[in-house]
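Keep in mind the model is a prediction, meaning the values are calculated, not measured. Just so you know, these numbers use all the heavy atoms, side chains as well, and skip hydrogens, waters and symmetry mates.
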Amino acid sequence: MTASVAASEDASQAASQLSPVSERDQHFMRLAQAAAEEARAAGEVPVGAVLVRGDEVIASGFNHPIGAHDPSAHAEMAALRAGAHALGNYRLPGCELYVTLEPCLMCAGAIMHARIARVVFGAHDPKTGACGSVVDAFANEQLNHHTSVSGGVLADECGEALRAFFADRRRASREARRAARAQAEEAQGGAGVAGPNEPAG
């Protein structure tokens with residue numbers, strides 16, 4: 001057996017050992033995507049999360065700060081709250097959190113306080129991501145709890161859902177502005193024409 005063949009077989013074995021984990025992560029990320037769709041349907045930024053222990057989904061949540069009038073109502077926070085209620089404990093050791101977008105600093109803090117064992121996220125967030133994109137809250141060795149992080153699971157799909165949402169929102173905003181301008185122009189045009197028994201001006 002040549003060295004290249006042996007290396008190829010080793011790589012295949014390693015891939016086969018990793019594939020169940022990858023399939024598992026994809027499965028739970030798809031459930032998080034379904035939760036994100038609930039946010040989109042409600043007019044909120046489409047981010048979803050599921051809390052998992054072993055192979056059991058404990059809770060799910062979606063982004064809804066607008067509807068809830070709550071700046072902390074991110075998908076992760078909703079899933080953590082629901083999971084804590086379901087398990088009767090504010091600590092959630094041994095649980096994993098799957099979320100379609102890289103958690104922000106607020107959510108990273110809650111994740112650490114809840115003692116989440118692992119976070120798996122989809123799309124990176126270059127503006128507020130706290131898992132390495134802007135800051136890396138989980139890399140601080142001074143903190144007394146260490147959560148492992150895996151990013152980029154179904155990243156393209158998760159990112160596309162966000163891009164499509166914001167593109168639709170920009171399109172709707174442009175159309176609303178266009179309609180408002182047309183209405184204003186029509187009103188001005190009508191106001192500038194004198195009636196048959198009215199003096200002009």
Ignoring hydrogens, what is the shortest heavy-atom contact between [X] and [Y]? Give both atom names and the distance.
{"X": "A123", "Y": "C158", "answer": "N-CB, 3.9 Å"}
{"X": "A35", "Y": "A49", "answer": "CB-N, 4.1 Å"}
{"X": "F62", "Y": "E38", "answer": "CE2-OE1, 3.5 Å"}
{"X": "A78", "Y": "G61", "answer": "CB-CA, 3.9 Å"}
{"X": "C95", "Y": "R53", "answer": "SG-CB, 3.9 Å"}
{"X": "P103", "Y": "E76", "answer": "CA-OE2, 3.2 Å"}

Is the shortest heavy-atom distance from the side chain of [X] to the side chain of [Y] under 4.5 Å?
{"X": "L105", "Y": "T128", "value": "no"}
{"X": "F28", "Y": "V57", "value": "yes"}
{"X": "F165", "Y": "V45", "value": "yes"}
{"X": "I58", "Y": "V52", "value": "no"}
{"X": "V47", "Y": "H74", "value": "no"}
{"X": "R81", "Y": "S72", "value": "yes"}
{"X": "E23", "Y": "Q26", "value": "no"}
{"X": "S148", "Y": "V119", "value": "no"}

State, without any angle test, whether [X] and [Y] hold a side-chain donor-acceptor pair at a distance under 3.5 Å.
{"X": "R118", "Y": "S150", "result": "yes"}
{"X": "R169", "Y": "S173", "result": "no"}
{"X": "E102", "Y": "S133", "result": "yes"}

Between [Y] and [X], does any NZ, NE, NH1 or NH2 come within less than 4.0 Å of an OD or OE carboxylate oxygen?
{"X": "R40", "Y": "D168", "answer": "no"}
{"X": "R178", "Y": "E175", "answer": "no"}
{"X": "R24", "Y": "E96", "answer": "yes"}

From [X] atom [atom1] to [Y] atom [atom2], the distance as rounded to the nearest 0.5 Å:
{"X": "L97", "Y": "C107", "atom1": "CG", "atom2": "SG", "value": "8.5 Å"}
{"X": "L31", "Y": "Q33", "atom1": "CG", "atom2": "CD", "value": "9.0 Å"}
{"X": "L154", "Y": "Y98", "atom1": "CG", "atom2": "OH", "value": "11.0 Å"}
{"X": "C104", "Y": "D125", "atom1": "SG", "atom2": "CG", "value": "8.5 Å"}

Tell me whether [X] at atom [atom1] has more than 12 heavy atoms from other residues, nucleotides or ligands lying less than 6.0 Å away.
{"X": "F166", "atom1": "CZ", "answer": "yes"}
{"X": "H85", "atom1": "NE2", "answer": "no"}
{"X": "R115", "atom1": "CZ", "answer": "yes"}

task: Determine, step by step, whether I111 and F138 satisfy the side-chain contact (heavy atoms from CB on, under 4.5 Å) criterion, reporting the C-alpha distance in whole Å, the side-chain angles of both residues, the deciding distance to 0.1 Å, and the verdict.
output: CA-CA 10 Å; I111 287 164; F138 297 102; 3.8 Å; yes

Just by distance, do the side chain of [X] and the backbone of [Y] share a donor-acceptor pair under 3.5 Å?
{"X": "H145", "Y": "I116", "result": "yes"}
{"X": "T100", "Y": "G48", "result": "yes"}
{"X": "E44", "Y": "G67", "result": "yes"}
{"X": "N63", "Y": "P46", "result": "no"}

- prompt: Same cluster for V50 and V153 if Ile/Leu/Val/Met/Phe/Trp/Tyr side chains link at under 4.5 Å?
  reply: yes

message: Please determine whether residues M112 and L80 belong to a single hydrophobic cluster, defined as Ile, Leu, Val, Met, Phe, Trp and Tyr linked transitively by side-chain heavy-atom distances below 4.5 Å.
response: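 Looking at the clustering, L80 is in the same group as M112.
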
